[in-house]
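Just below is one structure, and these are the notes that go with it.
All values below were derived from every heavy atom in this structure, side-chain atoms included, with hydrogens, water molecules and symmetry-related copies excluded. None of the values given here were measured: they were computed from a predicted structure.
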Amino acid sequence: MNPISKNLLFVMTGVYLVVIIVSAFKLLKLNLKNSEKANALEKKILETQLKLKEQELNYLKIQIHPHFLFNTLNTMYGFALKKADETPEMILKLSNLLDYLLYQIDKPFVSLTEEINHIKDYISLEQLRFNDTLVVSFVSDNIKETTSIPPMLLMPFVENSFKHGFIQNGTLKVKITISCESENLRFHIKNTSKVQSNNKHGIGLENIKKRLELLYKDQYTLEINDNKTTFEVLLNLNTIKDV
């Protein structure tokens, strides 16, 4: 090959190499930019989904608060009209419940013992209201101080049993059991009832189901049995956290 051809071949090879290197660099730079844009877009989508989830949870909580509060205030109003001696005790228990509603409900998690204590306060208020027509059995087993759950997760089930429970043979019976084993929580509540022709249990329980789906997706089971004489709920949380 003559010198001119050799020089031409060398120059062409050099040009191709430069073009390939520059093109590869630009493609790499373009891919990095696209990757950064894709990551930023994915981050925005996740943030938007998280905000929507938080908004939906807050909406469901707001729906629970007035219902819970108005029922308790109605009970206290009736006692105040009768000037009953139990009224101061009711005010104290309601104060504790309001503190829980106003200052603890916005926390993502509270201790399970705290939720149980407020369930007990609520039951005490209902016992004052129902007097001798109410029989409640409440059992909590193997509850650790460090175990936590979302606030007001179990309370609506308890409230529902009193609101829609039915007095049979002069008595409304409510049986509640809460137990923990390893990372599992088992909640069982059963009350005397009757068949609801207009699905009165529906709205409140649907809200609870939505909260459970948002908070414990694929990590819980919920069984609801509604028959002629009893209404029963069995909730299992497969993953519970420590405070």
Side-chain angles (χ1 to χ4, degrees), residues 54 57-141 143-165 167 171-180 185 187-189 191 203-205 207-208 211-212 215 233 235 237 240-243:
E54 290 176 351
L57 279 172
N58 289 332
Y59 173 71
L60 292 173
K61 287 178 183 178
I62 289 170
Q63 285 183 309
I64 292 170
H65 295 180
H67 182 242
F68 176 82
L69 180 59
F70 289 146
N71 278 356
T72 309
L73 286 173
N74 284 335
T75 301
M76 184 180 295
Y77 177 71
F79 271 78
L81 287 177
K82 294 186 293 184
K83 297 181 180 180
D85 295 335
E86 296 87 353
T87 304
E89 181 184 354
M90 293 188 69
I91 293 173
L92 180 61
K93 291 186 181 298
L94 178 60
S95 175
N96 292 334
L97 289 170
L98 286 175
D99 177 76
Y100 188 52
L101 285 171
L102 294 174
Y103 299 108
Q104 307 299 321
I105 197 71
D106 289 332
K107 295 180 179 179
F109 291 92
V110 296
S111 68
L112 178 57
T113 54
E114 192 172 0
E115 179 90 352
I116 289 174
N117 288 336
H118 286 90
I119 288 175
K120 289 179 178 178
D121 280 344
Y122 180 81
I123 291 173
S124 297
L125 287 170
E126 293 292 7
Q127 284 176 323
L128 290 170
R129 183 166 71 95
F130 280 90
N131 203 357
D132 296 332
T133 61
L134 177 65
V135 176
V136 179
S137 169
F138 187 98
V139 178
S140 57
D141 183 43
I143 307 299
K144 297 179 181 179
E145 293 288 337
T146 56
T147 302
S148 64
I149 62 170
M152 290 289 290
L153 186 69
L154 305 179
M155 183 77 81
F157 289 114
V158 179
E159 183 192 4
N160 188 75
S161 69
F162 287 98
K163 181 182 179 184
H164 299 296
I167 296 177
T171 305
L172 169 62
K173 295 181 180 179
V174 181
K175 183 178 180 181
I176 305 169
T177 304
I178 303 174
S179 61
C180 293
L185 183 145
F187 173 79
H188 177 247
I189 185 166
N191 61 271
I203 297 175
L205 291 179
N207 286 345
I208 299 171
R211 280 192 76 195
L212 286 169
L215 294 166
V233 174
L235 171 65
L237 298 180
I240 52 177
K241 299 183 178 182
D242 287 340
V243 177

Quiz item: Shortest non-hydrogen contact from N191 to G165?
Solution: ND2-CA, 3.5 Å

Quiz item: Could you state the interatomic distance from CG (N96) to CG (N117), rounded to the nearest 0.5 Å?
Solution: 9.5 Å

Quiz item: Nearest 0.5 Å, what's the NZ-NZ distance between K93 and K120?
Solution: 10.5 Å

Quiz prompt | F162: ring pair (Phe, Tyr, Trp, His ring centres under 6.0 Å) partners, not counting sequence neighbours | solution = Y122

Self-check item: NZ/K173: more than 12 non-hydrogen atoms of other groups inside 6.0 Å
Solution: no

Practice problem: Rounded to the nearest 0.5 Å, what's the gap from CD1 on I149 to OG1 on T147? Could you check? | Solution: 9.5 Å

Quiz item: Looking at residues at least two apart in the chain, or sitting in another chain, which of them share a side-chain contact (heavy atoms from CB on, under 4.5 Å) with K175?
Solution: S137

Exercise. Could you tell me whether a side-chain N or O of E115 sits under 3.5 Å from a main-chain N or O of V110, the two making a donor and an acceptor?
Key: no

Quiz prompt | Pairwise distance OG(S161) to CD1(I123) - rounded to 0.5 angstrom | solution = 7.5 Å

Quiz item: Looking at residues at least two apart in the chain, or sitting in another chain, which of them share a side-chain contact (heavy atoms from CB on, under 4.5 Å) with I143?
Solution: L112, T113, I116, S140, I178, C180

Quiz item: How many angstroms lie between atom CG of L185 and atom OG of S179, to the nearest 0.5 angstrom?
Solution: 7.0 Å

Quiz item: Closest approach of Q127 and V136, non-hydrogen atoms and distance?
Solution: NE2-CB, 4.1 Å

Quiz item: Quick check: does any side chain N or O of S95 sit under 3.5 Å from a backbone N or O of I91, one acting as donor and the other as acceptor?
Solution: no

Practice problem: Would you mind reporting whether L153 and L212 have side-chain heavy atoms less than 4.5 Å apart? | Solution: yes

Quiz item: Closest heavy-atom contact between F157 and I189?
Solution: O-CD1, 3.8 Å

Quiz prompt | Donor-acceptor contact present, side-chain R211 to main-chain P150, <3.5 Å | solution = no

Self-check item: For the student: nearest non-hydrogen atoms of P151 and P108, plus distance
Solution: CD-O, 3.6 Å

Practice problem: Decide yes or no for L215 and F109: does some side-chain heavy atom of the first lie under 4.5 Å from some side-chain heavy atom of the second? | Solution: no

Quiz item: Closest approach of I167 and T171, non-hydrogen atoms and distance?
Solution: CG2-N, 3.1 Å

Quiz item: In Å, rounded to the nearest 0.5 Å, how long is the span from NE2 of H164 to CG of L172?
Solution: 12.5 Å

